[in-house]
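Atoms within each ligand, like the ligands themselves, are counted from 1 in listed order.
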Amino acid sequence: MKVIPKVCSLKTDDGKFEFSASTKLQTSDDVMRLLLSDMLLSEGKENEVLFSDDTSLGDEDYRLSVGESVEIAASSQRGFLHGLATLKQLIFENLNDDKTKYAKNESISLKNKNRSENSPSVISKIPYCIIEDSPRFAYRGYMLDVSRHFFGVSTIKKILDALWLLKLNVFHLHLCDNQGFRLEIESLPKLHEIGSVRKQTRGDGVELKGFYTKSEIAEIIKYADERGIEVIPEIDMPGHTIAMLAAYPELSCTEKPIEVAERFGIVREILCAGKESVFEFLFKLLDEVAKLFPSKYIHIGGDEAPKYQWEECAACRNAVKKNGLRDMEDLQGYFTNRIIDHLKTLGKTAIVWNESLNSGILDESAVCQYWQDGKVPERVFAAADRGRKTIISKFSPYYLDYPYGMFSLKKTYLFEPLMDGMSTQGAKNIWGIESPLWTEYVPDEEKLFYQTFPRLIAVAESAWTKCEKDFDDFKMRLPLMQRMLDEISVAGASINESLPNPMKGMLKVAKFVVNAVDKEMIKSAINAKKVKETRRTE
Ligand code: ACM
Ligand code: ZN
């Protein structure tokens with residue numbers, strides 16, 4: 001069986017269930033019906049797919065039994081949805097007479113196929129089997145950065161359809177960054193009015209704008225929820241906040257007017273941590289975000305926050321002294337803890353990027369999302385060891401924005417999230433894994449899907465499957481999932497593109513690096529250095 005993520009417990013038997021246009025889906029749940037709608041289910045009586053409650057099963061577990069009828073047993077809606085995702089794959093894998101087409105990689109459409117034949121035709125013959133399935137990790141996520149490039153609701157819905165098929169259960173929306181603030185905030189309207197517009201991107205002269213209205217967010221959350229997916233919003237702070245500062249410059253240490261960033265990279269300007277008004281502003285913002293998103297979690301970023309301005313700011317220096325802090329790193333800890341305390345009053349728990357551990361004073365309730373390679377794991381592992389919930393999003397090889405020549409499909413697939421050096425106790429606190437897609441160089445849907453798939457399929461298998469991983473076996477199962485993603489207009493890179501030979505891979509990496517190097521920024525840095533040197537010699 002070619003199911004992805006791989007199922008570890010499978011028993012087969014003689015016989016085949018004939019799935020036809022008149023197979024009856026015994027549920028009144030419209031979304032369940034919708035998820036199989038391209039299989040043309042109607043109200044016939046020939047055979048049926050049954051849904052039964054089994055409270056002995058774990059939260060997301062399911063049992064799929066294919067015999068004279070099909071039965072999906074689960075103890076939760078998510079369990080039923082996972083069973084349905086597997087059933088859909090089995091139907092697709094066992095299409096009645098399309099196997100040759102499929103092998104030739106020709107386009108197949110279930111809808112057209114069925115229309116052209118006598119009804120009720122047998123669509124698929126699924127071998128009798130019993131599948132018992134449950135997830136390895138409770139948290140299985142995908143992050144999309146909608147700040148650097150904005151993606152509308154229709155693209156998000158396609159992504160959510162794919163996440164459902166892959167049994168991923170978290171969609172992390174990175175809603176704001178230096179290059180754009182993408183959420184309607186009624187009480188602080190300049191955030192979306194000013195913060196969502198950038199004049200151009202790296203000198204291209206083309207304005208880029210967009211934000212989600214509240215009703216669009218509600219639509220995304222509903223669509224995700226119907227597919228068993230939780231949407232977690234991220235409001236990154238105190239760094240990555242130029243779009244916020246463009247709208248409300250009084251939030252920075254200098255209060256100097258600034259424009260939504262047109263270039264990429266880490267910048268000096270961040271939120272001031274010494275002014276009470278900044279906290280009041282953030283509390284107001286988070287109150288609105290908390291009302292909009294039902295998730296118990298709000299991501300508050302905390303990554304890449306240079307402290308140059310804090311060092312020079314009287315209010316920040318005063319906050320260090322007044323609160324008995326050692327340094328500016330502690331000030332970030334203090335800042336983050338105040339936000340976390342406010343989130344607690346709203347019944348929410350914070351997720352933070354791993355830099356937030358640097359101060360050593362981070363509140364123990366915060367979940368750590370680990371991304372940085374290098375020395376950081378020791379700190380991350382030690383925190384997990386002491387009981388901190390942790391998500392693994394290690395840059396290499398989970399960052400989907402990097403070329404396949406750097407992180408090939410195989411490298412991503414074979415990465416073991418419970419990394420060497422983690423203690424048994426620490427490993428128990430690994431909540432799950434998540435792959436982010438940062439979109440500096442992802443201007444459109446086509447590139448988004450190209451970077452994301454098939455690597456996210458590999459991540460999904462790592463997140464879900466408990467049994468031994470085998471790349472050749474995964475590769476053999478992969479085309480079926482790729483065809484299914486094609487059917488929902490989520491085409492990704494081909495298997496060959498995702499596994500480039502060393503020469504091709506290196507060329508792609510070189511192209512990526514050349515494109516990422518910002519010549520204008522280098523030029524201005526050289527000029528600034530020259531000016532400084534001239535001044536020194538004067
Ligand atoms: C990050 O990549 N700055 C979380
Ligand atoms: Zn300050």
Side-chain angles (χ1 to χ4, degrees), residues 141-148 172-179 232 234-242 244-245 248-256 258 261 264-282 299-323 325 327-332 334-336 338 350-358 367-374 376 380 390-402 406-407 433-442 451 516:
Y142 172 64
M143 190 214 84
L144 181 65
D145 162 18
V146 291
S147 170
R148 276 54 177 261
H172 167 181
L173 252 183
H174 182 80
L175 282 163
C176 47
D177 213 297
N178 297 328
Q179 294 78 10
I232 298 185
E234 179 180 351
I235 307 293
D236 203 345
M237 61 183 85
H240 290 272
T241 42
I242 300 296
M244 260 192 228
L245 296 177
Y248 296 95
E250 62 272 25
L251 299 174
S252 76
C253 295
T254 63
E255 304 192 358
K256 275 197 195 134
I258 190 164
F264 304 125
I266 302 170
V267 293
R268 298 167 75 94
E269 294 84 1
I270 67 174
L271 299 178
C272 177
K275 285 189 283 211
E276 214 38 44
S277 55
V278 173
F279 290 101
E280 281 158 21
F281 177 96
L282 292 172
H299 202 305
I300 53 168
D303 55 324
E304 299 173 323
K307 312 292 187 304
Y308 306 109
Q309 295 202 325
W310 286 4
E311 303 270 6
E312 289 166 11
C313 168
C316 284
R317 285 207 302 265
N318 192 34
V320 170
K321 217 193 270 170
K322 204 173 98 192
N323 295 292
L325 307 171
D327 54 17
M328 293 302 164
E329 208 54 70
D330 264 12
L331 185 59
Q332 184 169 348
Y334 160 85
F335 172 95
T336 309
R338 283 200 60 185
I351 305 179
V352 293
W353 295 108
N354 64 241
E355 289 95 320
S356 299
L357 294 179
N358 292 355
V367 177
C368 170
Q369 184 163 12
Y370 164 57
W371 73 277
Q372 279 177 313
D373 281 320
V376 182
V380 173
T390 302
I391 299 162
I392 302 294
S393 295
K394 187 171 172 286
F395 164 78
S396 166
Y398 278 174
Y399 267 36
L400 299 170
D401 39 322
Y402 284 80
M406 257 169 101
F407 308 149
I433 65 181
E434 177 176 298
S435 248
L437 180 71
W438 302 98
T439 58
E440 283 92 336
Y441 312 111
V442 180
Q451 292 298 124

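- Residue D303 has at least one nitrogen or oxygen atom sitting less than 3.5 Å from a nitrogen or oxygen atom of ligand 1, judged on distance alone.
- Using cut-offs of 30° and 60° for the angle between ring planes, the F335 and F279 rings count as tilted.
- Per-residue contacts place Y399 under 4.0 angstrom from the following atoms of ligand 1 (heavy atoms of the residue considered): 1 (C), 2 (O), 4 (C).
- Within ligand 1, counting atoms from 1 as listed, the ones closer than 4.0 Å to a heavy atom of W438 are 1 (C), 2 (O), 4 (C).
- Screening I270, N178, D177 for a side chain to side chain contact (heavy atoms under 4.5 Å, CB included) with I242, the sole residue that qualifies is N178.
- Crowding of Y308 atom OH: a count of heavy atoms from other residues, nucleotides or ligands under 6.0 Å not exceeding 12.
- Checking only distances, H240 never comes within under 3.5 Å of ligand 1, N or O to N or O.
- Below 30°, between 30° and 60°, or above 60°: for H299 and W353 the angle between ring planes is between 30° and 60°, a tilted geometry.
- In this structure, SG of C272 and SG of C316 enclose an angle of 110° at the Zn ion (ligand 2), rounded to 10°.
- Close approach to E304 involves these atoms of ligand 1, each under 4.0 Å from a residue heavy atom: 3 (N).
- Ring geometry, H174 versus W438: the interplanar angle exceeds 60°, so the pair is classed perpendicular (tilted spans 30 to 60°).
- The aromatic rings of Y399 and W371 sit parallel to each other, their planes meeting at less than 30°, with 60° as the upper class boundary.
- When rounded to 10 degrees, the angle formed at the Zn ion (ligand 2) by SG (C253) and SG (C313) equals 110°.
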